[in-house]
Amino acid sequence: MKQWLLGMLVLAAGLGLAQQRPEDIIKAQCEKAEVVAELWHGFRGGAPKDALDNLAVEFNRTQGGKVCVRPVSQGNYRDLSTKIKASFASGKIPVMAQAFENNMALYLESDALLPIPSLGVDLKGVNPLFANAVKINGQIYGVPFNKSIQLLYVNRDLLKKYNARVPLSIPEFVETAKKISEGEKQPVYWFVPDASTYAYWFFTLGGNYLQNGKLVLNSAKGLEALEFLVKAVKDGWAKPITNGFINENFGSGVFGFSTDSSAGYSFYARAAKFDVGVATLPGRTDKQPGFGLVQGTNIVVFKGADDKEKRVAADFLRFIISPKAQAVFGVAANYVPVNQGSGVDPVVTRFVKENPAFGVAISQARFARFEPALSQWEQIRFDILGQAIKEAVLGQATPKAALDKAQKAAEDLLAGRTR
Ligand code: FGO
């Protein structure tokens, strides 16, 4: 790790306390505090969790011991939304939580969220790409925090072996992946057959989930994207990964490429025995990168918070979207800094130079797409669309049958005929 960054992290963790885990420091900070504001999140570990804990440590240190923010992991993102829904029933609602845009729409159906401006927090300086996404019916209900973008991951050692360059367009990507797969006698493009991976292909081929305000999962473009993935597997250059993250499957064969969240970078780098590179996504042509899916979450504040808790939340939100906090957090976990000031902050320009992967994420973020912010979208993306993608890729249904079934199931859900 760069000396300079290491210095910052040690500072952030508190001099002399560098041996202590941030989690333990937070525990001590909150033990004596009069106000403890819980922040429920969906990080299970690794760089994202450490980076969030470090932000909380740093924030708490500026509060004179009176108040503190305590991040509490609830499992993964889906566990998190499940627990938040349960908390509405039990009444044990946290002050803050991470939320996808569709989660915000869902929580609003229970009238559970505070408008962010009511806290005296504004999104000045926040990248409009992310700021627009947290607006529902013209009101801001979340603060963009850990927003990722999909990138092309490459095994640079393998590229070197085949004297190949990073592919710029989809045709070049297919050609390169095919050539290397033939040489290695196994598929080298690894992908999780889920809504996230599919989104890159779908959006880059020109797909759109909403047509005249209606959700369409079985469009011509949708079919094209799914048929493409199914054929890629049949043609022997793409390998579906159905158990866990791609980085958890290194060792099960020769990894060449993936199209995955920028936030995966630290996990890839730690797990790989090869030189991990990242690049912008292959585009429809080599003139422009493909479209990456924006993932990661925003921080919402719940209505149940009392005045003291609201004040802590407001101060914390201002802190975490500051250019410097976003730079430190972004570099540590490879999220796109949500603050545009981060782009000119010398801290960041230097980070970009020293951490090329961070620079790639910032470039790719100019070519970004979101999934629909429908309150039922989480269920649709996992249980309906994700299920259809998996069935087609594993040969259990044709792409057409899978998507038609998904369309029907989504319509039934949206119309309230199923739940
Ligand atoms: C993850 C999920 C959603 C929604 C997208 C939604 C719910 C996707 C995708 C399903 O913050 P991101 O970019 O990346 C995550 C980060 C922190 O955990 O690190 C990534 N990670 C973690 C461990 C590891 O070994 N490797 C690794 O890459 C992790 O993906 O979010 C991307 C992956 C998924 O969780 O399977 O966002 N997603 N939209 N989840 N609940 N709802 O609407």
Side-chain angles (χ1 to χ4, degrees), residues 40-53 71 73-85 97-107 130 133-134 142 144-151 153 190-200 202-203 209 215 240-251 255 258-272 276 278 292-300 329-330 332-336 338 357 361 364-365 368-387 389-390:
W40 288 11
H41 65 85
F43 293 151
R44 311 191 72 136
K49 178 176 180 299
D50 288 345
L52 171 58
D53 284 345
S73 171
Q74 300 294 341
N76 65 25
Y77 289 138
R78 211 175 178 197
D79 299 330
L80 171 65
S81 65
T82 302
K83 292 198 181 161
I84 288 172
K85 278 178 272 172
Q98 284 183 321
F100 284 88
E101 293 76 16
N102 65 78
N103 295 144
M104 291 165 45
L106 182 70
Y107 304 157
F130 304 128
V134 290
F145 170 53
N146 60 300
K147 299 307 291 177
S148 64
I149 187 74
Q150 288 174 319
L151 302 175
Y153 283 81
W190 293 17
F191 72 102
V192 178
D194 67 0
S196 299
T197 311
Y198 171 82
Y200 155 63
F202 176 63
F203 287 135
Y209 283 119
L215 180 68
I241 300 285
T242 51
N243 51 330
F245 290 101
I246 287 175
N247 50 275
E248 293 172 333
N249 286 268
F250 291 161
F255 171 91
S258 67
T259 41
D260 207 344
S261 160
S262 60
Y265 185 74
S266 60
F267 297 96
Y268 274 62
R270 186 190 286 185
V276 178
V278 287
L293 176 65
V294 176
Q295 300 180 98
T297 59
N298 315 288
I299 307 292
V300 295
F329 181 78
N334 226 43
Y335 280 101
V336 181
V338 301
Q364 179 64 56
R369 289 280 188 271
F370 283 84
E371 290 176 341
L374 302 169
S375 60
Q376 302 93 336
W377 179 254
E378 190 163 276
Q379 201 178 339
I380 292 173
R381 83 181 304 285
F382 287 108
D383 304 341
I384 296 178
L385 178 60
Q387 189 59 28
I389 293 163
K390 195 168 144 194

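In this chain, residues are counted from 1 in sequence order. Computed from a predicted structure; not experimentally measured. Counting convention: from 1, in listed order, for ligands and their atoms alike.
Atoms of ligand 1 lying under 4.0 Å from at least one heavy atom of N102, given by number and element, are 6 (C), 43 (O). Short contacts between ligand 1 and R78, defined as distances under 4.0 Å to a heavy atom of the residue, involve ligand atoms 41 (N). Proximity to S196 (heavy-atom distance under 4.0 Å) selects the following atoms of ligand 1: 8 (C), 9 (C). Close approach of ligand 1 to N247 is summarised as follows: ligand atoms under 4.0 Å from at least one heavy atom of the residue are 24 (C), 25 (O), 26 (N), 27 (C), 28 (O). Atoms of ligand 1 lying under 4.0 Å from at least one heavy atom of F43, given by number and element, are 17 (C).
Classified by interplanar angle (parallel below 30°, tilted 30° to 60°, perpendicular above 60°), the ring pair F43/H41 is tilted. Between Y268 and F250, the ring planes lie perpendicular to each other; the angle is over 60°, past the 30° to 60° tilted range.
For D79 and K83, the salt-bridge test fails: no basic side-chain N is under 4.0 Å from an acidic carboxylate O.
Which of F245, Y265, Y77, W377 comes nearest to atom 33 (C) of ligand 1 through a heavy atom is settled by distance: it is F245. When Y268, F267, F100, F370 are checked for heavy-atom proximity to atom 40 (N) of ligand 1, F100 turns out nearest. The residue among R44, Q150, Q295 with a heavy atom at the shortest distance from atom 32 (C) of ligand 1 is Q295.
Counted by atom type alone, W377 and E371 present one or more donor-acceptor pairs between their side chains at under 3.5 Å. Between the side chains of N146 and T297, at least one donor N or O sits under 3.5 Å from an acceptor N or O. Residues N298 and E101 bring a donor and an acceptor atom of their side chains to less than 3.5 Å of each other. No side-chain donor from either of S262 and Q150 sits under 3.5 Å from a side-chain acceptor of the other.
If you check which protein heavy atom lies closest to atom 7 (C) of ligand 1, you get E378 OE1, 3.2 Å. In this structure, the protein non-hydrogen atom closest to atom 16 (C) of ligand 1 is Y335 OH, 3.4 Å. The nearest protein atom to atom 28 (O) of ligand 1, hydrogens excluded, is given as G264 CA, 3.2 Å; this is a heavy-atom distance.
Considering backbone and side-chain N/O atoms, S148 comes within less than 3.5 Å of an N/O atom of ligand 1. The distance criterion of under 3.5 Å between nitrogen or oxygen atoms is met by S261 with respect to ligand 1.
Put simply, the residue from V336, I299, V338 that forms a side-chain contact (heavy atoms from CB on, under 4.5 Å) with P144 is V338. The one candidate from Q98, E378, R78 that meets the side chain to side chain donor-acceptor pair (under 3.5 Å) condition with N103 is E378.
Proximity of A263 to ligand 1, defined as any heavy-atom pair under 4.0 Å, is shared by backbone and side chain alike.
For atom 36 (O) of ligand 1, no protein heavy-atom neighbour is present inside the 4.0 Å cut-off.
Proximity of S81 to ligand 1 is not established, as no heavy-atom distance is less than 4.0 Å. The shortest separation from a heavy atom of F382 to ligand 1 is under 4.0 Å, placing the residue in contact.
Although no hydrogens or angles enter the test, the distance criterion places no donor-acceptor pair under 3.5 Å between the side chain of S148 and the main chain of S261.
Remark: W190 CH2 to N247 CG distance equals 10.5 Å, nearest 0.5 Å.
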